[in-house]
Amino acid sequence: LNKKGVPKAHNMAQAVGVVLSEEIKKTLTGKALLKYIMQKWLPAAEAVLEMIVVHLPSPATAQEYRCETLYDGPLDDEAATAIRTCDTSDGAPLMMYVSKMIPGADNRF
């Protein structure tokens, strides 16, 4: 609380442009209130999605160079060509990739 008896989180919310309803002010306190303010101020889901869209190549572009890694068969057959060109036509071969992830010594995949 500040000198006026208002929680500091309310002042922080106002400073970053987050409007708190009276219901939120009455029901949320402490960590829950800070979490609410941060979610409204900087929505992580939107930020992550924007980073993915901006920085990752489209599937059609990426398949051209990922084909060699994803497909173990000959790179000049029908399946490899369909993977490389992202062929989704009715006559394209049906492909499925199954991967098993095993953690390493540092507990990372």
Side-chain angles (χ1 to χ4, degrees):
L1 298 175
N2 63 12
K3 293 178 182 178
K4 296 178 183 177
V6 177
K8 290 181 181 180
H10 292 189
N11 293 336
M12 182 186 81
Q14 187 178 12
V16 296
V18 174
V19 178
L20 299 175
S21 67
E22 289 302 317
E23 181 182 346
I24 294 294
K25 288 179 181 179
K26 291 177 185 175
T27 57
L28 295 181
T29 59
K31 188 174 180 179
L33 178 59
L34 288 175
K35 182 177 178 182
Y36 177 84
I37 293 168
M38 294 303 291
Q39 286 175 339
K40 294 297 179 187
W41 180 54
L42 181 66
E46 291 178 21
V48 170
L49 179 60
E50 183 177 344
M51 293 298 288
I52 288 170
V53 169
V54 169
H55 293 286
L56 291 181
S58 72
T61 302
Q63 287 303 91
E64 292 180 24
Y65 63 84
R66 289 183 183 155
C67 181
E68 298 173 8
T69 306
L70 297 173
Y71 186 63
D72 289 334
L75 296 176
D76 59 349
D77 69 351
E78 179 186 14
T81 304
I83 292 171
R84 195 176 304 106
T85 60
C86 278
D87 189 358
T88 59
S89 66
D90 290 336
L94 175 63
M95 303 293 295
M96 186 179 345
Y97 186 81
V98 179
S99 174
K100 180 176 181 179
M101 298 177 70
I102 301 171
D106 58 353
N107 291 328
R108 295 182 66 192
F109 291 96

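Sequential numbering from 1 along the given sequence is applied to the chain's residues.
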In this structure, CE of Met95 is separated from CD of Glu78 (nearest 0.5 Å) by 9.5 Å

Can you find a heavy atom in the side chain of Thr81 that is under 4.5 Å from one in the side chain of Arg84?
yes

Side-chain contact, heavy-atom cut-off 4.5 Å: Lys35 with Gln39?
yes

Which atom names give the shortest non-hydrogen contact between Leu70 and Tyr97, and what distance separates them?
O-CE1, 3.4 Å

Over all atoms of both residues, closest heavy-atom pair of Leu33 and Ala9:
CD2-CB, 3.6 Å

Once you round to the nearest 0.5 Å, how far does NE2 of His10 lie from CD1 of Ile24?
9.5 Å

Could you pull out the closest heavy-atom pair between Pro57 and Ala62, with the gap in Å?
CG-CB, 3.9 Å

Modelled atom types, side-chain donor and acceptor of Thr85 and Asp87, under 3.5 Å:
no

Is there side-chain contact between Leu20 and Lys40, with heavy atoms separated by less than 4.5 Å?
no

Identify the heavy atoms of Ile83 and Gln63 that sit nearest to each other, and give their distance.
O-CB, 3.3 Å

Quick check on the hydrophobic clustering: are Leu49 and Leu42 connected, directly or via other members, by side-chain heavy-atom contacts under 4.5 Å?
no

Looking at every heavy atom in both Cys86 and Ala60, which two are closest together, and how far apart are they?
SG-CA, 3.6 Å

If you look at every heavy atom in Tyr71 and Asp77, which pair is closest and at what distance?
OH-OD2, 2.6 Å

